[in-house]
Number of protein chains: 2
Amino acid sequence: MRSLNATAASLLGLLHDGPLSGWDLVEAAQARIGNYWTLTQSQVYRELSRMTDDGLVALGETGPRERKPYRITDAGRAAFTTWINGDPAREQIRVPLLLTIQFSAHLAPGRLEEILTAERATHAERLEKYRAHAGRLELYGELDGKLDHVRLATLRFGIRHEEAALAWFDELPELFSGTTPPR
Amino acid sequence: MRSLNATAASLLGLLHDGPLSGWDLVEAAQARIGNYWTLTQSQVYRELSRMTDDGLVALGETGPRERKPYRITDAGRAAFTTWINGDPAREQIRVPLLLTIQFSAHLAPGRLEEILTAERATHAERLEKYRAHAGRLELYGELDGKLDHVRLATLRFGIRHEEAALAWFDELPELFSGTTPPR
DNA sequence: TGGTACATGTAACATGTTACATGATTAG
DNA sequence: CTAATCATGTAACATGTTACATGTACCA
């Protein structure tokens, strides 16, 4: 049996909480793992039919609006458990902005500053979004005593990284000013 | 004319400094942009033959060991300039470890700690590597007065992010301990 | 009754990964 | 002379992206 890829495994992970249609899965993935894992609707349907062939999920009765709920099978649960207990794959590192900087000698005058300003703004927005979300989690956690640690942990990862990005943007002018930093 | 992808554009960027063979390009890419952009040897040869067809690079005389130097053409330079002046693409966010955490309820006992320890170590190693590299750059910069700002800037990005990662690893136990952090 | 959100899916293509096959040159 | 490194390339496949086609149900 072919081993799972991270995207397929994530869908199985989401299906542990109960049957979901392809559409539901896209929504759930966006909400639960969308901050650090992207998948498209197209991929979801592809993985679902593949996993159906492999017996990892099974199709339920078609509901209203052609809704087709998938549920995880025992084989699916087994495959998922194997996958999750393996070593996580290496992080993907793909930062187009750093390519722009690497080759910034070829930029039109003023263009670098323009790009940096725009990029900094999107990072600042993301940070705000994460902080607001984390704040809501903590608030509800205090109210009902059931803090969603897992969600909070992944959010904190995003927060740390966005803070790092902003700090970097802010030290950039100094780096480019030509003064060798004291050691 | 089809527009460039970031990988092809990077190769053109590297070719601005003079003709390079496919092999050279793999090495150069690894050294210059490998910290935040991955490409395989296979991709390099594919992009080179595509760009040759499109007239963006041209093949020189075969040298020793079947060495085939490619040089950038005027069309290549034009395509590159257009590409680099465009908005950088969105960052890729793919963090398998966060999937592991999201679904950590399904981990075998003790497995989460094991994984976190291993992951933290690889981040710590990367941080050390980046710091050492940045230190060398700064040292040479002081000696000959020509500090490589661009290289240093991209390294600092990596350093900031690895520091963020380590700080996150270190706050994790507290997050999981169940105490709602004070606001 | 008409627009919006729900819902499924395919097609075509781009990009990325892994494995393999082949030969040239150099260093020990 | 032989192992390592240099060097090119193909094949097969996996994954990701974009665009399109189709139809359903709700709600204003």
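Protein chains get the first letters and strands the later ones, always in sequence-line order, with residue 1 at the start of each.
- D:dT10 atom P lies 14 Å from atom CD of B:Glu66, rounded to whole Å.
- Residue B:Asn5 places at least one side-chain N or O under 4.0 Å from the OP1 or OP2 atom of C:dT15.
- Of the residues in residues 30-49 of chain A, those lying under 4.0 Å from DNA chain D by heavy-atom distance are A:Thr40, A:Ser42, A:Gln43, A:Arg46.
- A:Tyr45 is not connected to A:Leu59 by any chain of hydrophobic side-chain contacts under 4.5 Å among Ile, Leu, Val, Met, Phe, Trp and Tyr, and they are in different clusters.
- Note on B:Leu15: it does not cluster hydrophobically with B:Trp23, by side-chain heavy-atom contacts below 4.5 Å among ILVMFWY residues.
- Not counting sequence neighbours, the partners of B:Phe80 by the ring pair (Phe, Tyr, Trp, His ring centres under 6.0 Å) test are A:Phe103, A:His106, B:His16.
- Hydrophobic clustering (side-chain heavy atoms under 4.5 Å, transitive across Ile, Leu, Val, Met, Phe, Trp, Tyr) groups B:Ile159 together with B:Val150.
- Note on A:Arg50: a side-chain N or O is less than 4.0 Å away from OP1 or OP2 of D:dT15.
- The CG atom of B:Asp53 sits 13 Å away from the P atom of C:dA14 (whole-angstrom rounding).
- Between A:Arg77 and A:Asp74 there is a salt bridge, with a side-chain nitrogen of the basic residue lying less than 4.0 Å from a carboxylate oxygen of the acidic one.
- The residues A:Lys129 and A:Glu162 are annotated as not salt-bridged, no charged nitrogen and carboxylate oxygen being separated by less than 4.0 angstrom.
- By the 30° and 60° cut-offs, the orientation of the rings of A:His161 relative to B:His161 is tilted.
- Closest-nucleotide positions on DNA chain D for B:Lys68 and B:Glu27 were compared, and the one nearer the 5' end corresponds to B:Glu27.
- Projected onto DNA chain D by closest heavy-atom contact, B:Gln92 and B:Pro69 fall at different nucleotides, the more 5' of which corresponds to B:Pro69.
- Put simply, CZ on B:Arg67 is 7 Å from P on D:dT8, counting in whole angstrom units.
- Within residues 7-26 of chain A, the residues that have a heavy atom under 4.0 Å from DNA chain D are, in order of number, A:Thr7.
- B:Lys68 and B:Asp24 are not joined by a salt bridge, as no carboxylate oxygen comes within less than 4.0 angstrom of a charged side-chain nitrogen.
- Annotation: the span from A:Leu20 atom CG to A:Arg71 atom CZ amounts to 13.0 Å, rounded to 0.5 Å.
- Spacing between atom CZ of A:Arg90 and atom C1' of C:dT18 amounts to 13 Å, rounded to whole angstrom units.
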